[in-house]
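So the structure is just underneath, and the comments pick up after that.
Proteins get letters first, then strands, A, B, ... in listed order; numbering begins at 1 in each. No hydrogens, no waters, no symmetry mates; every other heavy atom, side chains included, goes into these values.
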Number of protein chains: 2
Amino acid sequence: MVKIEEAIQQKEFKDPFNKAVVNLLYTHSYLVTSQNALFKPYGISPEQYNVLRILRGQNGVPTTVSSIQERMLNKMSNASRLVEKLKVKGLVKRSECPNDRRQVDVLITEKGLELLAELQIRVEKGNIDFVHLNLDEVDKLNELLDKLRG
Amino acid sequence: MVKIEEAIQQKEFKDPFNKAVVNLLYTHSYLVTSQNALFKPYGISPEQYNVLRILRGQNGVPTTVSSIQERMLNKMSNASRLVEKLKVKGLVKRSECPNDRRQVDVLITEKGLELLAELQIRVEKGNIDFVHLNLDEVDKLNELLDKLRG
DNA sequence: ATTATATAAATGTATAGACATATAATGTGA
DNA sequence: TCACATTATATGTCTATACATTTATATAAT
């Protein structure tokens with residue numbers, strides 16, 4: 001086990017709260033590096049994968065761009081541009097919403113569902129491999145992260 | 001306390017390990033949003049702040065770009081470009097390393113030290129406010145994050 | 001000494017996040 | 001109806017990450 005102090009060659013932290021923030025940042029970067037390697041061969045990014053998952057979760061009901069945005073892991077990300085990229089790849093369809101022409105209905109395509117199914121197996125396996133904790137520990141981690149956010 | 005399922009409107013997860021990965025991603029984004037707000041008025045980014053901290057930690061000993069890179073929270077970030085931005089702002093100095101002209105010595109300036117000191121107070125206060133955990137809990141979180149990375 | 005290899009830093013390019021602004025459509029009050 | 005605010009989406013621009021490539025220097029091998 002590599003403690004955060006070693007990982008970034010910092011002798012000590014002001015207090016455990018400041019240490020936890022750095023630990024979160026470092027662990028996140030570590031996670032994203034691993035995710036990128038997994039996604040690379042499939043030609044989509046983790047963020048695009050997340051949008052596809054949100055769309056599939058709607059079970060065929062068209063989803064607006066703002067509704068996707070609300071469900072994204074990163075609320076600051078740009079759903080409009082991610083949808084455009086997925087459309088270029090033929091993974092989603094976009095259509096004008098009939099009752100409100102400002103809105104755009106987004107639907108995942110067959111091709112999108114297929115890619116998602118294939119990716120999901122590897123992502124879920126990858127996540128289990130990534131988290132070197134036992135069941136009790138991972139439950140505790142989830143609890144602490146939820147509580148941390150207040 | 002807002003559980004991760006609520007926060008991203010996802011009913012359930014495949015298993016607690018996959019939930020933990022999503023929880024990490026979401027909590028990270030939540031943290032970064034808070035950090036950005038804090039840094040904005042000072043005209044530097046959290047990543048640039050991190051570089052300044054690394055430089056000050058050397059206590060006046062010049063640091064090479066690759067040595068900065070090794071100590072960064074995100075090993076994939078581009079220390080060369082971050083140093084350039086800090087130099088433009090007058091927060092660091094760059095000079096050719098005499099014994100190896102491939103290397104570049106980077107030093108934090110007086111102005112850099114002053115900004116860092118001012119920022120640090122707010123960052124450390126902000127981090128304590130951000131982490132809604134008691135001392136036992138935050139210690140446990142640090143332990144679990146270290147262990148998670150294996 | 002010359003060539004090959006390795007290393008340090010910089011640069012090019014793509015994707016995404018952060019945030020301001022623009023455009024278009026809708027809703028609302030005088 | 002008309003002006004005005006509101007909402008949905010798109011777009012512009014900057015910063016950073018991700019990763020490949022380039023340039024310069026240093027080291028090693030012949």
- Contact residues, residues 32-53 of chain A to DNA chain C [heavy atom, < 4.0 Å]: A/Ser45, A/Glu47, A/Gln48

- So, A/Asn142 and A/Asp139: side-chain donor and acceptor under 3.5 Å apart, yes or no? no

- Who pairs with A/Arg94 by salt bridge (charged side-chain N to carboxylate O under 4.0 Å, His left out), at least two apart in sequence or on another chain? A/Glu84

- Task: Hey, could you give me each pair passing side-chain hydrogen bond (donor to acceptor under 3.5 Å, both in side chains) that has a residue in residues 101-119 of chain A? Not counting sequence neighbours.
- Result: A/Asp100-A/Arg102

- Query: NA contact type, B/Ser29, heavy-atom cut-off 4.0 Å: base, sugar-phosphate, or nothing?
  - Reply: nothing

- Starting at the 5' end of DNA chain D, which residue's closest nucleotide do you reach first, B/Asn99 or A/Ser67? A/Ser67

- Message: Whether the B/Gln48 and B/Arg53 side chains hold a donor-acceptor pair (N or O, under 3.5 Å, no angle test) is what I'd like checked.
- Response: no

- Taking the six-membered ring for Trp, are the ring centroids of B/Tyr30 and B/Phe130 within less than 6.0 Å of each other? yes

- Under a 4.0 Å heavy-atom criterion, DNA chain D is touched by chain B from D/dT15 to D/dA26

- Hey, is NZ on A/Lys125 packed in by over 12 heavy atoms from elsewhere, all under 6.0 Å? no

- Check the distance between C/dT7's C1' and B/Glu70's CD and give it to me in whole angstrom. 12 Å

- Is there a Watson-Crick or G-U wobble partner for D/dT30 with both distances under 3.5 Å, and if so, which one is it? C/dA1

- Query: Does B/Glu5 pair with B/Lys19 as a salt bridge, N-O distance under 4.0 Å?
  - Reply: yes

- Query: Whole-Å distance between C/dA16 P and A/Ile68 CD1?
  - Reply: 14 Å

- Item | Pairing residues for B/Glu124 by the side chain to side chain donor-acceptor pair (under 3.5 Å) criterion, not counting sequence neighbours | B/Gln120

- Message: I'd like to know if the side chain of B/Arg122 pairs up with that of B/Asn127 as donor and acceptor (distance under 3.5 Å, no hydrogens or angles considered).
- Response: no

- Task: Group every Ile, Leu, Val, Met, Phe, Trp and Tyr by side-chain heavy-atom contacts under 4.5 Å, then state whether A/Phe13 and A/Tyr26 land in the same group.
- Result: yes

- On DNA chain C, more 5' by nearest nucleotide between A/Glu96 and B/Asp100 is B/Asp100

- Query: Would you call B/Lys140 and B/Glu137 a salt bridge, using N to O less than 4.0 angstrom?
  - Reply: no

- Message: Quick check on contacts: within residues 71-86 of chain A, what sits under 4.0 Å from DNA chain C by heavy-atom distance?
- Response: A/Asn74, A/Met76, A/Ser77, A/Asn78, A/Arg81, A/Leu82, A/Lys85

- Query: Considering heavy-atom distances to DNA chain C, does A/Pro98 or B/Gln103 have its closest nucleotide positioned more toward the 5' end?
  - Reply: B/Gln103

